[in-house]
Undergrad: 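Take a look at the following structure, please.
Letters A, B, ... mirror the listed sequences (proteins, then strands); counts begin at 1. These numbers come from a predicted model, not from an experiment.
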There are 2 protein chains.
Amino acid sequence: MATIGDVARVAGVSRSTASYALSGKRTISVDVRRRVEDAVRELGYTPNAGARALATSQTRVIGLLAQFLEDEFAPAMLQYMLGVSNTARELGYDILLSTEADGRNALRRMTDSRMVDGIVLLNVAEHDDRLPILRDAPQPGALVGLPADCTGVDVFDLDFEDAGRTMVEHLHRLGHRELVLVSQPEHVVERGGAYVWRLQNAAVEAARARGITLHAAFGAAHQPDVGRDLHALLDAHPRATGLLINNEAAAAALPTVLHDRKLSAPADLSVVGRYSDEFARTFSLPYSSIESAPDRLGRMAVRELVRRIEGQAGPDEPHLVRFVSPELIDRGSTAAPRGD
Amino acid sequence: MATIGDVARVAGVSRSTASYALSGKRTISVDVRRRVEDAVRELGYTPNAGARALATSQTRVIGLLAQFLEDEFAPAMLQYMLGVSNTARELGYDILLSTEADGRNALRRMTDSRMVDGIVLLNVAEHDDRLPILRDAPQPGALVGLPADCTGVDVFDLDFEDAGRTMVEHLHRLGHRELVLVSQPEHVVERGGAYVWRLQNAAVEAARARGITLHAAFGAAHQPDVGRDLHALLDAHPRATGLLINNEAAAAALPTVLHDRKLSAPADLSVVGRYSDEFARTFSLPYSSIESAPDRLGRMAVRELVRRIEGQAGPDEPHLVRFVSPELIDRGSTAAPRGD
DNA sequence: TATGACTGTCGAACCGGTTCGAAACGTGTC
DNA sequence: GACACGTTTCGAACCGGTTCGACAGTCATA
């Protein structure tokens with residue numbers, strides 16, 4: 001494999017000159033620059049990443065921590081990963097991926113050994129145990145998900161409170177007076193998935209303010225449990241005319257459940273979910289939904305992270321906490337309730 | 001950040017001694033070893049990955065190339081990725097992930113700059129344009145998916161021919177005489193997704209050998225197109241009693257389609273798919289299926305790759321081409337056809 | 001014709017590890 | 001007491017880049 005020494009020899013210059021010719025950090029005569037570039041082509045030279053990282057303390061790699069936990073719906077996570085990965089590449093960075101359940105280990109390994117210039121954390125819990133480690137690390141970090149304490153990191157998340165309100169308002173406006181909300185499994189909440197509460201509390205509050213009934217419940221993350229949960233909920237609240245879904249597995253299971261009950265949306269039941277458009281297409285979901293914008297969130301996180309890595313953000317520039325406003329995508333699954 | 005020089009100073013030894021004490025590659029007195037280990041703990045020392053890579057020419061990183069192409073079903077790919085990632089971690093390797101559509105670029109970048117010790121290629125096409133690059137690279141490569149030319153790499157794939165035969169045999173044995181097979185989009189085939197043909201040809205041949213009818217067709221990769229495709233197929237072949245599905249999007253869309261047609265499996269139609277058990281759970285699919293074993297294939301690929309990286313495979317040990325035998329998971333969606 | 005400024009190039013040092021050869025030391029043998 | 005030997009440690013070189021300071025050459029200016 002060719003080194004910069006080989007390039008220099010072929011071009012008839014010193015190693016430092018070759019380096020400067022390639023980086024452009026000092027003025028080099030056009031003649032020499034041309035000879036160096038020819039040598040690079042001739043030898044097929046590519047700089048050794050390890051050596052460059054050692055010399056510059058920059059790797060041009062971003063660490064991506066995605067935990068695939070029990071009771072979590074894997075395909076939803078994929079969309080965030082792709083948003084992060086694709087944006088990173090556009091900005092000239094590669095992705096070091098960890099799917100370890102124990103994210104602390106992975107985080108320490110990546111940061112301590114200087115394998116990465118920065119870190120993106122997905123699926124952040126309210127008291128995420130990876131955060132103290134990330135704050136102590138020399139690399140900057142960006143989160144997708146809102147923790148209790150945002151100091152020292154940039155934070156991006158959907159505005160789940162607004163999402164909860166929007167769902168309720170939308171159905172209230174159509175005339176619905178009794179709703180059911182299916183959230184993520186209780187387990188996810190216990191693990192600190194605060195976004196579940198944020199949406200739910202706002203929905204409950206919005207319903208109370210409008211004097212309508214909202215039954216909130218958890219749903220499992222897999223079949224067949226989540227199907228049973230949905231049946232049980234619909235059995236328990238036969239007068240409910242609207243269904244809110246903040247649970248990807250439940251959304252994916254709903255077509256079959258409605259089929260079994262011989263119900264259609266919106267004729268028999270109005271349905272609003274919270275998932276991305278890409279998710280809806282993939283899972284063949286015909287229900288209107290609050291766009292969860294995983295690609296956009298991933299993109300924002302990486303953009304800001306790279307700004308910090310490259311020092312375009314001032315060293316004392318305060319960290320961001322930014323919420324994406326929910327947008328309701330109408331797929332025609334809501335209507336006025338049947339007047340019976 | 002502490003370096004091995006700091007460790008050596010605190011322990012009162014030379015850098016080389018500290019290095020040997022940690023690697024164990026030369027005998028070191030227990031006293032010195034203890035002092036070095038204490039210093040490591042005291043300083044929180046972790047070796048710098050770039051420096052180590054430069055010195056040893058080993059990165060302990062595996063490159064993972066996953067292309068998310070148009071007309072491909074993303075969640076199916078995720079399972080292969082997780083199989084690879086988790087196995088790599090178990091063996092002490094990290095994953096450098098590329099999701100670029102142009103895999104050649106990513107591959108060249110990773111291999112030329114020595115960022116990785118080895119490469120895993122997912123979703124390999126018959127004449128995959130990444131293969132020539134991989135063969136020229138100094139790092140070993142493992143594929144999931146069968147190309148026309150397997151020289152120089154280890155190859156792992158499901159036995160799609162056996163899968164096609166098994167599906168047909170299973171329904172023939174139950175008494176079905178007219179079947180429909182829905183394959184991946186034609187576009188996937190044109191791009192070189194030979195596994196589609198392998199399954200389809202074997203199915204056609206198996207049907208011919210048994211004197212039964214098989215209508216083979218392509219299906220789209222997304223809603224609502226794939227739903228339309230399924231409807232059209234069932235309309236076109238009203239006497240078919242069995243449905244074979246080699247298309248994840250079609251499988252995911254089938255519950256809704258059957259609902260719309262007021263059909264149930266297996267009462268009105270026997271259904272056999274080709275997807276993993278994890279996929280079935282995630283997508284709430286109640287149909288029997290040929291297990292596509294993505295985790296197992298990913299695991300096998302990484303295992304063999306690491307064996308080569310670490311030189312446990314002899315330098316001239318021939319490369320593997322290994323097929324996983326299909327296993328039919330019975331979820332009760334097949335039965336004898338209705339005798340009407 | 002010396003002076004200073006500017007351009008283009010080079011040599012050496014450095015980043016933080018690993019590894020080879022040799023040195024220092026204690027031990028046992030003749 | 002000279003010698004060989006095994007154990008433990010050290011110094012130096014090396015991996016392949018980047019970067020700083022110095023220096024030679026050119027040109028305009030005083």
Side-chain angles (χ1 to χ4, degrees), chain A residues 1-37 39-40 43-61 109-117 138-139 310, chain B residues 1-37 39-40 43-61 109-117 138-139 310:
Chain A
M1 208 80 205
T3 73
I4 199 165
D6 300 329
V7 171
R9 190 158 23 74
V10 169
V13 298
S14 72
R15 292 203 304 151
S16 55
T17 301
S19 176
Y20 283 123
L22 293 174
S23 71
K25 292 193 180 169
R26 283 199 182 171
T27 51
I28 293 285
S29 67
V30 280
D31 174 48
V32 167
R33 163 170 293 130
R34 266 254 327 258
R35 264 154 48 211
V36 170
E37 282 163 358
V40 164
L43 299 171
Y45 165 75
T46 307
N48 178 303
R52 175 169 275 176
L54 182 56
T56 62
S57 8
Q58 287 239 351
T59 62
R60 298 203 72 87
V61 173
R109 195 173 58 247
M110 288 181 185
T111 55
D112 286 359
S113 68
R114 301 309 238 280
M115 302 176 87
V116 299
D117 291 343
Q139 296 95 338
E310 301 187 346
Chain B
M1 209 80 205
T3 72
I4 200 165
D6 301 328
V7 170
R9 191 156 22 74
V10 168
V13 299
S14 71
R15 294 202 303 152
S16 55
T17 301
S19 177
Y20 283 125
L22 292 174
S23 71
K25 293 193 179 169
R26 281 199 183 173
T27 52
I28 293 287
S29 67
V30 281
D31 174 50
V32 166
R33 165 171 291 131
R34 267 252 328 256
R35 266 155 46 211
V36 169
E37 282 164 358
V40 165
L43 298 171
Y45 166 76
T46 308
N48 179 302
R52 176 170 275 177
L54 181 56
T56 63
S57 4
Q58 287 241 347
T59 61
R60 299 204 70 86
V61 173
R109 197 173 57 248
M110 287 181 184
T111 54
D112 286 359
S113 68
R114 301 310 240 276
M115 302 177 86
V116 299
D117 291 342
Q139 296 95 339
E310 301 187 345

Undergrad: Considering non-hydrogen atoms only, spot the tightest contact between A:A53 and A:T59 and give its length.
TA: CB-CG2, 4.0 Å

Undergrad: Which pair of non-hydrogen atoms, one from A:I4 and one from A:Y45, has the smallest distance, and what is that distance?
TA: N-CE1, 3.4 Å

Undergrad: Check the distance between C:dT9's C1' and A:R33's CZ and give it to me in whole angstrom.
TA: 13 Å

Undergrad: Any salt bridge linking A:R34 with A:D31? Criterion: basic side-chain nitrogen under 4.0 Å from a carboxylate oxygen.
TA: no

Undergrad: Which part of the nucleic acid does B:S19 contact within heavy-atom distance under 4.0 Å: base, sugar-phosphate only, or nothing?
TA: base

Undergrad: Rounded to the nearest angstrom, tell me the gap between atom CD in B:Q58 and atom P in C:dT19.
TA: 10 Å

Undergrad: Have a look at A:T56 and say if it touches a base, only the backbone sugar-phosphate, or nothing, with a 4.0 Å heavy-atom cut-off.
TA: sugar-phosphate

Undergrad: Is the distance from OP1 or OP2 of D:dT18 to the nearest side-chain N or O of A:K25 less than 4.0 Å?
TA: no

Undergrad: From CD1 of A:I4 over to P of C:dG11, roughly how many Å is that when rounded to an integer?
TA: 15 Å

Undergrad: Return the value, rounded to whole Å, for the distance between atom CE of A:M1 and atom P of D:dG17.
TA: 10 Å

Undergrad: Counting the atoms with a prime plus P, OP1 and OP2 as sugar-phosphate, which does B:S29 contact under 4.0 Å by heavy atoms, base, sugar-phosphate, or nothing?
TA: sugar-phosphate

Undergrad: Does D:dT9 have OP1 or OP2 sitting under 4.0 Å from an N or O in the side chain of B:T17?
TA: no

Undergrad: Could you give the CZ-to-P distance, from B:R15 to C:dT18, as a whole number of Å?
TA: 10 Å

Undergrad: Just to be sure I understand the rule, does B:T3 reach a base, reach only the sugar-phosphate, or reach nothing, if contact means heavy atoms closer than 4.0 Å?
TA: sugar-phosphate

Undergrad: Of the listed nucleotides (D:dT9, D:dC20, C:dT18), which one gets closest to any side-chain atom of B:I28?
TA: D:dT9

Undergrad: Base, sugar-phosphate alone, or nothing: which one does A:S16 contact when heavy atoms must sit under 4.0 Å apart?
TA: base

Undergrad: Over all heavy atoms of both residues, which pair between A:N48 and A:G50 is shortest? Give the atoms and the distance, please.
TA: OD1-N, 2.8 Å

Undergrad: What is the distance, to the nearest angstrom, from the CZ atom on B:R26 to the C1' atom on D:dG6?
TA: 13 Å

Undergrad: Rounding to an integer number of Å, can you tell me how far A:Y45 OH sits from D:dG16 P?
TA: 10 Å

Undergrad: Testing the basics here: between B:M115 and B:R109, what is the closest heavy-atom pair and its distance to 0.1 Å?
TA: SD-O, 4.3 Å

Undergrad: Go nucleotide by nucleotide along DNA chain C from the 5' end; which of B:N48 and B:Y20 gets its closest nucleotide reached first?
TA: B:N48

Undergrad: Closest approach to the side chain of A:V13, judged atom by atom: which nucleotide of C:dC10, D:dT9, C:dC15 is it?
TA: C:dC10

Undergrad: Could you state the CZ-P distance from A:R52 to D:dT18, rounded to the nearest angstrom?
TA: 5 Å

